[in-house]
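Below: one structure, written as structure tokens.
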Amino acid sequence: MKLKAKLLPALGLVVAVGIFFVLDIQAAAPTTAPVAPPAASAAPAKQYESFGNTRIIAMDPVKSMFSHSTHAIKAGLTCDSCHPDLFDRKRGSAKAKGDYTMASLDAGKYCGACHDGKTAFNTTGPETCKTCHGSDMKQPEMIVFNRPVKAVVFGHKQHVDMGLDCSSCHDKAFEMRKGAAEESPEKFIMKALYAGKYCGVCHNGNIAFASDTRCTSCHIGVKGLSRMLEKSAETKEPEKHGK
Ligand code: HEC
Ligand code: HEC
Ligand code: HEC
Ligand code: HEC
Ligand code: HEC
Ligand code: HEC
């Protein structure tokens with residue numbers, strides 16, 4: 001871990017940084033819309049407002065947050081504590097490398113070079129998840145999709161317990177937000193699954209049973225759903241969402 005965090009040496013630099021941020025905010029303004037699928041945009045962006053007017057890079061759709069002004073001004077880190085060793089000066093470049101995951105952070109890469117519980121708060125949570133992700137990242141046990149058709153079940157816990165990494169689904173196949181896929185019912189269809197999207201990333205007859213077989217494993221039907229809900233009412237209510 002090679003951390004070169006130093007206090008900004010001179011007022012001149014602080015001024016320069018100030019100018020940088022002013023210019024940067026203006027330059028970045030028109031491009032702040034997430035590159036993610038259109039469905040991801042609207043509602044949840046609000047949660048960043050608590051950061052006031054600081055410069056935010058919101059890494060959608062995982063909703064992790066990074067603020068230049070917190071790091072470079074409040075925490076007094078110089079630009080070279082991050083650039084170019086940990087991050088390129090180009091938004092989205094860490095993500096493009098393909099290993100921008102919690103496993104990498106926990107191993108001391110990217111944000112994890114400092115967020116290791118020594119230089120800055122750690123990444124192992126649960127209270128810290130919220131500081132970066134804006135939520136406590138509580139995993140749903142069971143999800144019931146109801147759009148476009150009713151009663152498709154997905155055992156979240158069951159899949160995680162099989163040993164699948166969070167990153168095998170998040171955030172390429174699914175956003176980490178219940179109801180996100182259902183916001184585009186015209187896209188969340190069998191054809192997409194057959195084309196290797198959503199559940200079809202794995203349910204292709206190779207990693208897991210194919211999406212064009214065993215329909216009723218995923219589609220438990222309205223009767224199956226009420227049976228399941230009745231049964232689990234004694235134990236734990238599954239999370240319902242969608243319309
Ligand atoms: C604590 C780490 C850290 C520090 C310190 C830091 N940056 Fe960054 N910077 C980042 C991250 C993270 C990104 C986004 C990279 C990515 O998405 O791959 C970024 C992106 C950028 C970008 C691209 C912005 C865009 O919208 O494409 C510029 C320009 C930049 N930084 C300049 C600076 C300057 C100048 C300083 C010093 C005043 C600085 N950074 C200090 C972490 C840091
Ligand atoms: C220091 C900030 C930070 C903290 C603390 C943090 N994360 Fe993350 N997390 C990130 C960043 C950055 C990414 C990658 C974002 C991206 O892909 O745009 C990420 C990605 C993820 C992902 C998707 C990729 C993967 O690794 O599977 C999951 C799931 C995740 N975080 C869960 C958690 C949980 C659970 C906690 C608390 C135990 C947590 N994170 C704490 C910054 C953080
Ligand atoms: C060069 C070291 C360094 C790197 C790299 C770094 N941070 Fe930080 N971060 C700090 C320090 C120092 C603080 C302030 C002390 C603390 O809160 O523990 C901080 C604070 C934060 C905070 C709290 C901000 C607040 O307003 O309370 C968040 C959120 C955060 N970092 C997210 C990230 C994310 C996301 C990344 C990666 C994109 C990242 N950091 C990379 C050093 C770093
Ligand atoms: C096999 C796929 C898969 C794996 C693996 C997976 N998830 Fe998920 N997760 C989903 C799906 C599907 C959703 C719902 C997305 C939607 O409705 O569009 C979801 C939603 C979530 C949510 C949102 C909950 C809410 O209330 O909005 C969180 C948080 C989450 N997952 C965390 C995790 C974490 C942490 C891991 C790793 C320990 C993980 N997931 C692994 C598929 C997965
Ligand atoms: C990251 C890979 C991955 C993704 C994405 C994924 N699954 Fe699975 N799923 C598996 C594996 C592996 C198994 C176990 C092997 C098998 O049954 O073929 C499984 C098993 C299942 C089972 C059978 C459980 C049982 O009791 O036998 C159901 C139902 C299921 N998945 C539904 C879904 C649904 C619905 C989605 C999309 C919302 C989804 N899965 C997304 C990997 C995945
Ligand atoms: C791996 C899980 C899985 C399997 C297997 C599966 N489906 Fe689906 N199906 C889904 C998901 C997820 C959706 C989208 C969510 C929703 O509609 O609630 C969906 C949606 C649908 C839809 C509505 C959207 C569309 O494509 O028109 C139909 C119809 C459908 N499935 C039929 C079938 C049939 C028939 C089979 C068996 C040949 C099947 N499904 C097998 C998961 C599955």
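Just the heavy atoms: all of them, side chains too, but no hydrogens, waters or symmetry mates, feed the values below. Counting starts at 1 for both ligands and their atoms, in listed order.
Distances below 4.0 Å separate heavy atoms of G92 from the following atoms of ligand 1: 16 (C), 17 (O), 18 (O). Interface atoms of ligand 1 facing K90, defined by a heavy-atom separation under 4.0 Å, are 15 (C), 16 (C), 17 (O), 18 (O), 23 (C), 27 (O). Numbered from 1 in the order shown, with element, the atoms of ligand 2 that lie under 4.0 Å from a heavy atom of T101 read 25 (C), 26 (O). Within the listing of ligand 2, atoms 16 (C), 17 (O), 18 (O) sit less than 4.0 angstrom from a heavy atom of K95. For ligand 1, the atoms closer than 4.0 angstrom to any heavy atom of C82 are 1 (C), 2 (C), 3 (C), 4 (C), 5 (C), 42 (C), 43 (C). In summary, the atoms of ligand 1 found under 4.0 Å from a heavy atom of R91, numbered by their order in the structure, are 16 (C), 17 (O), 23 (C), 25 (C), 26 (O), 27 (O). Set against the non-hydrogen atoms of D88, the atoms of ligand 1 under 4.0 Å away are 15 (C). Atoms of ligand 1 lying under 4.0 Å from any heavy atom of H71, numbered from 1 in the order shown and given with element: 1 (C). Distances below 4.0 Å separate heavy atoms of N122 from the following atoms of ligand 2: 5 (C). Close approach to M176 involves these atoms of ligand 2, each under 4.0 Å from a residue heavy atom: 22 (C), 23 (C), 28 (C), 29 (C). Short contacts between ligand 1 and A94, defined as distances under 4.0 Å to a heavy atom of the residue, involve ligand atoms 16 (C), 18 (O).
Not a single heavy atom of K130 sits closer than 4.0 Å to an atom of ligand 2. T78 counts as a contact of ligand 1, since one of its heavy atoms falls under 4.0 Å from the ligand.
Around the NZ atom of K130, the shell of radius 6.0 Å holds no more than 12 heavy atoms that belong to other residues, nucleotides or ligands.
Proximity of F66 to ligand 1, defined as any heavy-atom pair under 4.0 Å, is confined to the side chain (atoms from C-beta onward). Only the side chain of H115 comes within contact range of ligand 2, with a heavy atom under 4.0 Å; no backbone atom does. Using a 4.0 Å cut-off between heavy atoms, T131 makes no contact with ligand 2 at all.
Backbone or side-chain N, O or S atoms of T123 do not reach atom 8 (Fe) of ligand 2 at under 2.8 Å. Atom 8 (Fe) of ligand 1 has an N, O or S atom of H68 closer than 2.8 Å. Look at C129 and atom 8 (Fe) of ligand 2: no N/O/S atom of the residue is under 2.8 Å from the metal.
Judged as a side-chain contact (heavy atoms from CB on, under 4.5 Å), and not counting sequence neighbours, the contacts of T101 are A103, S104, S167.
Listed by first then second residue, pairs satisfying salt bridge (Lys or Arg N to Asp or Glu O under 4.0 Å) with a partner in residues 102-114 read D99-K109, not counting sequence neighbours. Sorted by first then second residue, the salt bridge (Lys or Arg N to Asp or Glu O under 4.0 Å) pairs that include residues 214-223, not counting sequence neighbours, number zero.
Under the 3.5 Å distance criterion, the side-chain polar atoms of H83 are left unmatched by any main-chain donor or acceptor of C79. Using modelled atom types, no side-chain atom of H203 and backbone atom of A208 make a donor-acceptor pair closer than 3.5 Å.
To the nearest 0.5 Å, the span separating SG on C111 from OH on Y100 amounts to 4.0 Å. For the atom pair C218 SG and F209 CZ, the distance stands at 4.0 Å (nearest 0.5 Å). Atom CG of D116 sits about 8.5 Å away from atom CG of N122, to the nearest 0.5 Å. Rounded to the nearest 0.5 angstrom, I189 CD1 and R147 CZ are separated by 13.5 Å. Atom NZ of residue K178 and atom CD of residue E175 lie 14.0 Å apart, to the nearest 0.5 angstrom. Rounded to the nearest 0.5 Å, atoms NE2 (H156) and CE (M142) are 11.5 Å apart.
The aromatic ring centres of F66 and H71 sit less than 6.0 Å apart.
In the hydrophobic clustering of ILVMFWY residues, with side-chain heavy atoms under 4.5 Å counting as a link, V222 and V144 come out apart. Hydrophobic clustering (ILVMFWY, side-chain heavy atoms < 4.5 Å, transitive): I207 and L193 are in distinct clusters. Taking hydrophobic clusters as Ile, Leu, Val, Met, Phe, Trp and Tyr residues chained together by side-chain heavy-atom distances below 4.5 Å, L164 does not share a cluster with V160.
Taking the six-membered ring where tryptophan is involved, the planes of F174 and Y198 are tilted, since the angle between them lies from 30° to 60°.
For ligand 5, residues of the protein lying within 4.0 angstrom by heavy-atom distance are F145, V153, F154, Q158, H159, M162, L164, S168, C169, F174, C199, C202, H203, I207, A208, F209, R214, S217, C218.
Residue H133 places at least one N or O, backbone or side chain, under 3.5 Å from an N or O of ligand 2. Residue-to-ligand polar distances keep C132 apart from ligand 2: every N/O pair is separated by 3.5 Å or more. Taking any N or O of R89, backbone or side chain, none lies under 3.5 Å from an N or O belonging to ligand 1.
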